[in-house]
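Notes follow once the structure below has been shown.
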Protein chains: 2
Amino acid sequence: MNIIDEAGILAISTRLQRLSDQLRKDGLLIYQACGIDFEPKWFPVIWALTAKPLLSVVEIAEEIGYTHPSTISLLKELEKIRLVRSRKDKADERKRLIALTPKGRELVEKMRPVWHVMARSLAELTDTPNNLLRAVEEVEAKLKERSFLECAKKIWKTGKDDVSL
Amino acid sequence: MNIIDEAGILAISTRLQRLSDQLRKDGLLIYQACGIDFEPKWFPVIWALTAKPLLSVVEIAEEIGYTHPSTISLLKELEKIRLVRSRKDKADERKRLIALTPKGRELVEKMRPVWHVMARSLAELTDTPNNLLRAVEEVEAKLKERSFLECAKKIWKTGKDDVSL
DNA sequence: CAAAGATACGTAGTTGACTACATATTATCA
DNA sequence: TGATAATATGTAGTCAACTACGTATCTTTG
């Protein structure tokens with residue numbers, strides 16, 4: 001992976017993805033090592049339902065920043081293993097209200113110490129001169145103001161008048 | 001995406017992936033805006049072949065840090081649109097040697113100014129107190145020493161003796 | 001120098017997110 | 001109040017990476 005290192009910022013997308021994958025895979029191994037039958041991809045949904053115990057499909061999707069179809073397929077898996085349940089909202093028949101089952105709440109309590117260890121491990125791993133979580137937050141904030149595309153358009157325009165190009 | 005923000009470091013994997021996706025999607029739009037028929041996912045392969053003009057499949061995979069099956073499917077696409085070509089290595093019949101075609105080299109030259117703009121845009125977007133690229137490099141380096149799993153195991157052990165748990 | 005192991009490439013199927021589209025219910029307003 | 005728009009959910013198929021496995025060729029070694 002020498003060459004990609006040299007590409008520097010141009011390959012940042014690739015490297016973010018690889019880092020994300022690596023952490024998720026190890027996340028799964030950590031759950032397994034603790035004898036917990038849980039997949040990292042379920043975390044956002046379960047976390048959302050722990051914070052807000054009764055949510056519709058779209059509300060969960062918004063909370064976790066996924067599209068609703070992705071959320072639906074996660075919920076399908078979680079319902080299958082009985083960690084969440086759902087029922088129609090009587091006030092609005094379009095909505096399906098989701099909540100943790102007792103089994104789900106029990107598992108959350110069992111996972112809390114594992115989450116604590118994960119959080120401490122990740123804190124340690126990202127405790128470097130440039131903090132990864134902070135960096136992500138900072139870039140997310142900048143992207144909210146101006147997307148990569150818009151930023152490139154701006155630089156393209158100013159570059160056109162620039163002799164150095 | 002309130003809840004996931006609050007999950008902080010535990011949701012770092014999700015956030016890295018989302019950021020990566022966002023950048024890649026805009027990357028595609030930037031190529032399109034420049035009238036260039038190129039997909040961001042091809043960048044690592046093309047970049048590698050620009051730096052080292054003749055490589056086998058596995059060598060490319062190693063350079064860009066992908067598995068060889070992923071590399072093969074990228075190469076298939078690139079051969080289809082005639083940006084790269086391949087021939088058997090006469091010295092070692094197992095190997096297939098890959099190189100840019102003249103069309104490929106021409107496109108690289110056409111893309112260079114676009115890459116320049118992208119690099120400048122990304123540099124601007126990641127020019128924050130905590131530099132994203134540096135942060136990624138730093139975490140990659142730490143993970144090389146000790147994986148997330150190993151780190152968690154260590155913390156788990158020390159935590160067991162700790163009254164605060 | 002043949003058998004066993006290592007290496008290179010390829011195929012098939014999986015994964016975890018996505019987009020596009022379809023349907024059902026509710027809300028709005030002329 | 002009926003037509004239209006908006007919202008909520010669902011389905012189907014895509015995408016870009018992956019793992020697992022298989023075959024062909026080369027290398028090593030008893």
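In what follows, chains are A, B, ... by sequence order, proteins preceding strands, each numbered from 1.
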Does one side chain, of B:S86 or B:R96, offer a donor that lies under 3.5 Å from an acceptor on the other? yes
Length of the line joining A:E77:CD and C:dA17:C1', which is rounded to integer Å: 12 Å
Is the backbone of B:I46 close enough, under 3.5 Å, to the side chain of B:T50 for a donor and an acceptor to pair up by distance? yes
Take the protein atom CD1 of A:I64 and the nucleotide atom P of C:dG16, then report the distance between them rounded to whole Å. 14 Å
Tell me if the CD atom of B:E106 is crowded by more than 12 foreign heavy atoms within 6.0 Å. no
Round to the nearest Å and state the distance from A:K76 atom NZ to D:dT9 atom P. 14 Å
Rounded to whole angstrom units, what separation is found between the CG atom of B:L28 and the P atom of D:dC15? 11 Å
Might you confirm whether atom NZ of A:K153 has over 12 heavy atoms from other residues, nucleotides or ligands at distances under 6.0 Å? no
For B:D21 and B:R24, run salt bridge (charged side-chain N to carboxylate O under 4.0 Å, His left out): C-alpha distance rounded to whole Å, both residues' side-chain angles, the deciding distance at 0.1 Å, then the answer. CA-CA 5 Å; B:D21 271 16; B:R24 194 183 15 224; 3.5 Å; yes
If you pin A:Q17 and A:V58 to their nearest nucleotides in DNA chain D, which one's is more 5'? A:V58
Rounding to a whole Å, what distance do you find between B:I72:CD1 and D:dC21:C1'? 13 Å
Using whole Å, report how far CG of A:L74 lies from P of D:dG10. 13 Å
Which part of the nucleic acid does B:E39 contact within heavy-atom distance under 4.0 Å: base, sugar-phosphate only, or nothing? sugar-phosphate
Just to be sure I understand the geometry, which residues of residues 86-98 of chain A put a non-hydrogen atom under 4.0 Å away from DNA chain C? A:D92, A:E93, A:R94
As an exercise, state the distance from NZ of A:K95 to CG of A:L55, rounded to the nearest 0.5 Å. 10.0 Å
Under 4.5 Å between side-chain heavy atoms, chaining through other members, with only Ile, Leu, Val, Met, Phe, Trp and Tyr counted: pull out the rest of the cluster around B:L97, sorted by chain and number. B:L54
Verify side chain to side chain contact (heavy atoms under 4.5 Å, CB included) between B:K25 and A:F148, making sure each step is shown before the conclusion. CA-CA 9 Å; B:K25 273 174 201 161; A:F148 177 28; over 6 Å; no
Whole-Å distance, B:I60 CD1 to C:dA8 C1', equals 13 Å
To the nearest angstrom, the CG-P distance between B:L55 and C:dC9 comes to 11 Å
Atom NZ in B:K80, atom CG in B:L75: separation rounded to 0.5 Å? 14.5 Å
Contact pattern, 5' to 3', of nucleotides 18-23 of chain C - B, S or - by protein heavy atom under 4.0 Å: BBB---
If you look at every strand shown and take non-hydrogen atoms under 4.0 Å, does A:S56 touch a base, only sugar-phosphate, or nothing? sugar-phosphate
